[in-house]
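Everything below concerns the one structure shown next.
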Amino acid sequence: MSNNIFELSAKELTRWLWRQLTSMRTAIMLLLLLVVVSIPGSVLPQRNVDPAAVRAWIEGSPALGEWLFRLGFFNVFSAPWFAAVYILLLVSLVGCILPRSWMHYQEIRSEPPSAPTSFARLAEHQEFKINSDFDSLATSIKNAKQLKSWRIKVDPENKWIAAEKGFARETGNLIFHLALVGLILAVGIGVLFSYRGQILVKEGTSVSTVPTQFNSLTLGTALQVNDLPASTVKLEEFEAKFERGSIQTGSPRSFKATVQVGSADALTTQIIEVNKPLKLDGSKWYLVGHGYAPRVEVRDRAGNIVFTDSVVFLPVDGNFTSEGAIKIPNGDSGLGFVAIFLPTASVSQMSGPRSLFPDIDDPRLFLSAFSGDLGLDDGIPRSVFSLDTENLKPLGIKDLAPGETWELPDGKGTIKFLSIERFVTFDVAKSPGGIYAMIFAFLGLLGLIGGLYIRRRRVWIREMSQGDFEIAALSRYDQPGLDRDVNLFLALCSNTEKEQQK
Amino acid sequence: MNFAVLSNWTILASTVFLTIATFTAAAILIADGPLLKARQISRLFIYFATGLLTVGLVSRGIAAGRAPWGNMYEYAIAGALSVLVVYILILRFNDLSSLSVFALMPVVLALGLAQTVLYVDAGPLVPALKSGWLVIHVSAAIIAGGGFTVGFTLTSTQLAVGWKPESKFAKKMPSVEKLDVLAYRVSAWAFAVWTFAVLAGAIWAESAWGRFWGWDPKETWALITWIFYAAYLHARVTVGWRGGKAAILSSIGYVSYIFNFFGVNIFFVGLHSYGGL
Ligand code: HEM
């Protein structure tokens, strides 16, 4: 082949490229490249992990953010350039491993290699004398029980014995690499058939796995919305315990959701805890979050109830300072509240209302009332947790304890803080490839251990002249322990000598 | 008995003995003679301090009523113990007294940081960490960390010796080849343990969050560490990469391991931010 790649024919060029791609050097470069392309995924917020943070990042620096967004930097692990690197790595791996597997298969079936001409150059080399002829030595070595796992070849003409052991090393290494391919395929195919959605339930209510009830839902490419199993879960009770001692005060200690599942005639009660998901209709339900939903009642000036419900508030810190919005479009000409709920209230000049403890010790609801057109009918999607107050008229502020009522200014009616309910968020997920991925992974781990710790070595013995022998040993990868092998063979040789002298 | 107090005192005592051992080891390195007595003494101090640290960690576990690796303070203590145990095991078969000072420095540093900056009183765990997989996953990660750290000590010594082979320092150290082989063995072993740790983590993630792998920063950096060490293992059998270049790869792998421990807990928000800081 020519040295200049510009003079190669198409076929030669293809072969050259293939050889480059499947070389170890390229594998190393691709591995390093995989690191380079992963790093942005851990440094920048990712859409699949935290979409709100992505939005905030882009708002913070719109020009750069816009470009990074287009180039997929907020969704690195699904970006085409990320896929390009790992697909190249996969091709390189397969291209490297398949020929090696074939070579290894042939090597296993072939005989140990002939003795080298010079023993002295090998790592372990000794000369020794024994009172035995070559043939009986060869026979006893061939039949030695201690050498059962060795493959042995005798050349009576040139008077050498070759022994070899440790093929499982390469087998392990190949299993490791093949399992890696299996792992990546299992993960890739699994993603097509997996789904994951987040769903929110208030105490005493039910949710069903219909698309409208999910806060977010990601479906694998191979799935459609109606492939989701139809399940209904009713949250009976949610119990949260927090540390009350002086150490790590307020840290969560246990969360427990009691739910009812099944159809009306066969309801069963189940418990869902962190690390203990509920298995239901092929999906798993994971307890991932919780918060408070204050229940309020709003009446118009005539005293008619226009709204009574519990409203979900978004926790914004570890002590469950929670933010929310209460919207009553059909009240007197539109009524809205920006609200903060504190399970354990404190108000400081510096930081405003803040909760001191995550549990309900001294609950307060802080309300800012507004009136005007809430704009709920204009079709623009709006967060349920906030209220756009730009075009609204402020009415005043007030804080309420449970049971208290606020008489709104301008005769706009009343709002009463009735009680506090809890809500829970569940992740509903199914990832079918996972179990296969894990099987491959553990197979790979076994292969890796074999590939690292099994010693591949060869030992040769040659008769130089009657009664004068030499022995030499060689290990691939310069692994330690060759002296033990040599000593094993020397011991067998001297046994042979003793046998013969009897 | 108050195990929390016992734990704190034994860990402090262990730190003191290790500091003495580190200075002794430094003296051995600087002095001209072989200083056999000093070597023996330094070694005794290491054994003794390791024993104390074990008592400290176990009593911490008893005090907290759980496996003693649930926050950064405890990771640092358990990690230090893991480094010591790996180093002692290697010392049994190889005379490495001349580089003990480099093996001990990170341990003293970790213990010092733990007791000053990272300290928290013993307490129960947040619900997300209450799982049998915590014991398996975290202990595997810590054991691997011990191997990686000792491997890194050997590798950086290897790089230093290879850089100025004629220096006085290099002459006191084992040969580059010997350091290379030892570093490879301990790093490859740690790599296998790390592989297991990552897998156990994936299983735990499935039972806690419903996915084996989610590209959380901690997971991403665990994979990055894994890839660097895999690249290192390949480099060692590739012409043109073995020796110094491979050593640099494993060193970067180590940096990413450490970054995952400190950096990710501190800088990134993710499901794994349980540092307890
Ligand atoms: C996803 C990419 C890869 C990973 C994670 C990976 C991982 C590993 C690991 C951990 C070892 C260590 C075993 C040991 O030290 O004996 C290894 C060995 C090996 N790998 Fe890979 N590998 C990858 C891709 C490749 C590719 C593309 C090739 C072919 C060019 C390859 C060829 C080899 C060979 C020949 C060995 C044996 C080294 C030896 O002789 O000891 N690997 N691989």
Side-chain angles (χ1 to χ4, degrees), chain A residues 23-25 27-29 31-32 34-35 38-39 41-43 45-46 48-50 53 76-77 187 190 194 196 241 243 245-248 251-256 273-277 283-288 427-431 433-434 437-438 441-442 444-445 448-449 452-453 477-478 480, chain B residues 120-134 181 185 188-189 191-192 195-196 198-199 202-204 206-221 223-224 227-228 230-241 249 252 256 264 267-271 276:
Chain A
S23 78
M24 197 84 124
R25 192 177 301 266
I28 298 173
M29 297 309 281
L31 281 169
L32 297 181
L34 190 63
V35 169
S38 312
I39 288 178
S42 79
V43 176
Q46 295 293 297
N48 56 338
V49 178
D50 193 351
V76 165
F77 303 104
V187 170
S194 63
R196 179 179 191 81
K241 290 211 179 78
E243 179 65 54
S246 58
I247 300 165
Q248 298 171 6
S251 282
R253 287 300 172 233
S254 84
F255 300 130
K256 192 164 116 185
E273 290 175 87
V274 183
N275 278 318
K276 287 185 195 133
S283 314
K284 286 190 185 167
W285 291 60
Y286 299 85
L287 177 55
V288 293
D427 269 359
V428 184
K430 181 175 182 175
S431 44
M438 279 297 128
F442 276 93
L445 183 61
L448 176 69
I449 293 169
L452 285 175
Y453 287 101
Y477 317 109
D478 293 326
Chain B
V120 285
D121 281 322
L125 291 176
V126 298
L129 289 182
K130 282 185 192 146
S131 160
W133 286 104
L134 168 75
V181 168
R185 269 195 238 147
W189 171 81
F191 175 79
T195 308
F196 174 76
V198 173
L199 292 181
I203 297 179
W204 180 15
E206 207 272 340
S207 77
W209 307 312
R211 82 285 185 295
F212 286 96
W213 195 265
W215 299 107
D216 177 269
K218 201 97 181 172
E219 293 167 350
T220 306
W221 282 92
L223 183 70
I224 289 175
I227 294 175
F228 271 119
Y232 160 67
L233 293 179
H234 283 92
R236 272 196 93 256
V237 292
T238 307
V239 182
W241 285 76
L249 284 179
I252 305 176
S256 75
V264 173
F267 298 126
F268 295 127
V269 185
L271 294 166

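Residue numbers start from 1 in every chain, and the chains themselves are labelled A, B, ... in the order their sequence lines are given, proteins ahead of strands.
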Max heavy-atom pairs within cutoff under 4.5 Å with chain B, candidates A/Leu32, A/Val76, A/Val288, goes to A/Leu32

Ranked by heavy-atom pairs below 4.5 Å to chain A, first place among B/Tyr232, B/Trp133, B/Trp241, B/Trp213 goes to B/Trp241

Under 4.5 Å to a heavy atom of chain B? For A/Phe442 that would be both

Does CE belonging to A/Met29 count more than 12 external heavy atoms closer than 6.0 Å?
no

Taking the six-membered ring for Trp, are A/Phe77 and B/Trp215 parallel (under 30°), tilted (30 to 60°) or perpendicular (over 60°)? parallel

Interatomic distance, CG@A/Leu448 vs CG@B/Leu233, rounded to 0.5 Å, equals 8.0 Å

Taken in chain and number order and not counting sequence neighbours, the residues that satisfy side-chain hydrogen bond (donor to acceptor under 3.5 Å, both in side chains) with B/Arg236 are B/Asp180

Applying side chain to side chain contact (heavy atoms under 4.5 Å, CB included) to A/Ala437 and not counting sequence neighbours gives A/Leu183, A/Ala186, A/Val187

Between B/Thr238 and A/Arg25 the two heavy atoms that sit nearest each other are CG2-N, 4.3 Å

Highest number of heavy-atom pairs under 4.5 Å with chain B among A/Phe255, A/Trp285, A/Tyr286 belongs to A/Tyr286

Heavy-atom nearest pair, A/Leu445 first then B/Ala192, reads CD1-O, 3.6 Å

If you tally heavy-atom pairs under 4.5 Å between each of A/Lys284, A/Gln46, A/Arg196 and chain B, the highest tally belongs to A/Arg196

For the residue pair B/Leu249 and A/Ile28, establish whether any side-chain heavy-atom pair is separated by less than 4.5 Å. yes

Counting heavy-atom pairs under 4.5 Å with chain B, the top scorer among A/Ala441, A/Ala429, A/Gly444 is A/Ala441

Heavy-atom closest pair (A/Ser38 atom, B/Thr220 atom, distance to 0.1 Å) is O-CG2, 3.9 Å

Residues A/Ser42 and B/Trp221: closest non-hydrogen pair is OG-NE1, 2.7 Å

Separation between CD1 (A/Ile449) and CZ (B/Phe196), nearest 0.5 Å, reads 9.0 Å

When every non-hydrogen atom of B/Ile227 is compared with those of A/Leu31, the smallest separation belongs to CG2-O, 3.3 Å

